[in-house]
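First up is the structure itself, then whatever we jot down about it.
What you see is a predicted model; the values in this text were computed from it and never measured.
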Amino acid sequence: MTLEALNHLPQPELYTALQQCCGAHKWVERMIADFPMADTTALLHAANRHWAACSPADGLEAFSHHPRIGDRPAMHQEQAGVVNATTATLEELAALNMRYEEKFGYIFIVCATGKSATDMLSLLKDRMNNTPAAEIKIAMAEQGKITHLRLEKLLS
């Protein structure tokens with residue numbers, strides 16, 4: 001889709017397109033208020049600005065729209081590095097994902113693009129040592145990266 005086409009979408013369709021990039025309602029509403037966008041740079045700047053203004057509760061809402069890293073049905077383009085993972089790695093990812101969710105109350109969020117299953121497993125292990133306050137900041141930063149990539153893909 002072109003930026004011009006995105007700028008001319010009816011509001012319900014624009015909402016849906018933006019929500020596929022980030023599932024936080026407040027972020028989507030703030031983004032819609034900025035439309036039309038002058039160029040891609042303005043779109044990405046607005047996305048970053050509005051995400052930075054979101055609360056941890058908004059982050060949790062966005063995270064709820066994500067599949068777990070390594071879930072077989074979820075292995076799509078963003079998690080391409082997991083597709084060829086060994087069964088043992090996938091099982092370890094699944095077990096640590098559950099421990100992470102028990103500890104922090106939400107699924108493990110990482111910008112998976114370009115990362116192997118081993119990379120993600122290592123990040124997951126490292127992040128298990130974080131405090132909840134530190135981890136929500138990291139997870140929200142990862143969501144910001146994911147949103148940025150999804151917006152770029154939307155316009156390609």
Side-chain angles (χ1 to χ4, degrees), residues 1 3 5-37 40-82 90 93-115 117 119-121 123-156:
M1 170 180 309
L3 180 61
L6 188 65
N7 277 334
H8 289 96
L9 284 178
Q11 189 166 331
E13 291 177 36
L14 179 59
Y15 187 98
T16 299
L18 292 173
Q19 188 179 41
Q20 291 172 357
C21 298
C22 177
H25 174 77
K26 285 184 185 176
W27 179 86
V28 174
E29 290 294 326
R30 290 173 181 160
M31 287 293 293
I32 288 172
D34 279 358
F35 271 80
M37 297 288 177
T40 303
T41 301
L43 174 71
L44 297 175
H45 178 75
N48 292 338
R49 181 169 37 89
H50 293 311
W51 185 244
C54 282
S55 69
D58 300 321
L60 295 177
E61 181 184 9
F63 305 162
S64 73
H65 290 259
H66 286 271
R68 284 179 182 80
I69 294 292
D71 277 0
R72 284 270 179 213
M75 289 186 208
H76 50 77
Q77 195 172 24
E78 289 179 353
Q79 294 186 23
V82 178
L90 289 175
L93 270 171
L96 277 174
N97 270 326
M98 289 175 60
R99 283 188 38 222
Y100 180 98
E101 195 167 351
E102 288 169 4
K103 179 176 181 176
F104 296 111
Y106 51 89
I107 67 167
F108 176 63
I109 299 293
V110 65
C111 184
T113 301
K115 291 179 180 67
D119 294 337
M120 288 183 271
L121 184 57
L123 287 168
L124 178 52
K125 286 177 180 178
D126 289 345
R127 286 173 52 188
M128 285 295 295
N129 297 315
N130 291 335
T131 64
E135 185 56 26
I136 191 70
K137 290 177 183 176
I138 294 168
M140 288 188 70
E142 291 295 304
Q143 175 64 52
K145 294 176 195 175
I146 294 165
T147 300
H148 191 273
L149 287 171
R150 288 178 176 178
L151 284 167
E152 289 178 335
K153 287 177 186 174
L154 179 66
L155 296 180
S156 62

Next item on the list: Would you name the heavy atoms of Met1 and Ala5 that are closest together and state the gap between them?
Entry: CG-CB, 3.8 Å
Check: Any sub-3.5 Å donor-acceptor pair from Trp27's side-chain atoms to Ala47's backbone N or O?
Finding: yes
Checklist line | Reported CZ-to-CH2 distance for the pair Arg30 and Trp51, which is rounded to 0.5 angstrom | finding: 10.0 Å
Notebook entry, point to check: Does any non-hydrogen side-chain atom of Gln20 lie less than 4.5 Å from one of Arg150?
Noted result: no
Checklist line | Validation row: Asp34, Leu43 side chains within 4.5 angstrom (heavy atoms) | finding: no
Next item on the list: Flag the pair Ile107 / Tyr100 as yes when at least one side-chain heavy-atom distance between them is below 4.5 Å, and no otherwise.
Entry: no
Next item on the list: Over all heavy atoms of both residues, which pair between Leu93 and Met120 is shortest? Give the atoms and the distance, please.
Entry: CD2-C, 4.4 Å
Notebook entry, point to check: Is there side-chain contact between Phe35 and His8, with at least one heavy-atom pair below 4.5 Å?
Noted result: no
Margin query: With a 4.5 Å cut-off on side-chain heavy atoms, are Glu142 and Arg127 touching?
Written below: yes
Notebook entry, point to check: Using 4.0 Å as the upper bound for N to carboxylate O, is an ion pair formed by Arg99 and Glu102?
Noted result: no
Notebook entry, point to check: What are the two closest heavy atoms between Met37 and Ala46, and how far apart are they?
Noted result: CE-CB, 3.7 Å
Notebook entry, point to check: Do Thr147 and Gln143 have side-chain N/O donor and acceptor atoms under 3.5 Å apart?
Noted result: yes
Notebook entry, point to check: For Asp119 and Lys115, which heavy atoms make the closest approach, and how far apart are they?
Noted result: OD2-CA, 3.7 Å
Checklist line | Heavy-atom side-chain proximity of Thr113 to Lys145 below 4.5 angstrom | finding: no
Notebook entry, point to check: Under 3.5 Å, is there a donor-acceptor pair between the side chain of Lys26 and the main chain of Ala53?
Noted result: no
Next item on the list: Please name the pair of heavy atoms, one in Leu6 and one in Ala17, separated by the smallest distance, quoted to 0.1 Å.
Entry: CD1-CB, 4.2 Å
Margin query: If you compare all heavy atoms of Lys125 against all heavy atoms of Leu96, which two are closest, and at what distance to 0.1 Å?
Written below: CG-CD1, 3.5 Å
Notebook entry, point to check: Counting only heavy atoms not in Lys137, do more than 12 sit closer than 6.0 Å to its NZ atom?
Noted result: no
Next item on the list: To the nearest 0.5 angstrom, please state how far the CG atom of Leu124 sits from the CD1 atom of Ile109.
Entry: 11.5 Å
Margin query: I need the Leu154 CG to Leu149 CG distance, nearest 0.5 Å.
Written below: 12.5 Å
Next item on the list: State the OG1-CG distance between Thr40 and Leu151, to the nearest 0.5 angstrom.
Entry: 9.5 Å
Item checked: Worked check of side-chain contact (heavy atoms from CB on, under 4.5 Å) between His25 and Tyr15 -> CA-CA 9 Å; His25 174 77; Tyr15 187 98; 2.7 Å; yes
Next item on the list: Working to the nearest 0.5 Å, report the span between NE2 of His148 and SG of Cys22.
Entry: 13.5 Å
Check: If you round to the nearest 0.5 Å, how far is CD of Gln19 from CG of Leu14?
Finding: 11.5 Å
Margin query: If you apply the rule side-chain contact (heavy atoms from CB on, under 4.5 Å), what do you find for Tyr106 with Glu135, and how did you get there?
Written below: CA-CA 11 Å; Tyr106 51 89; Glu135 185 56 26; 3.4 Å; yes
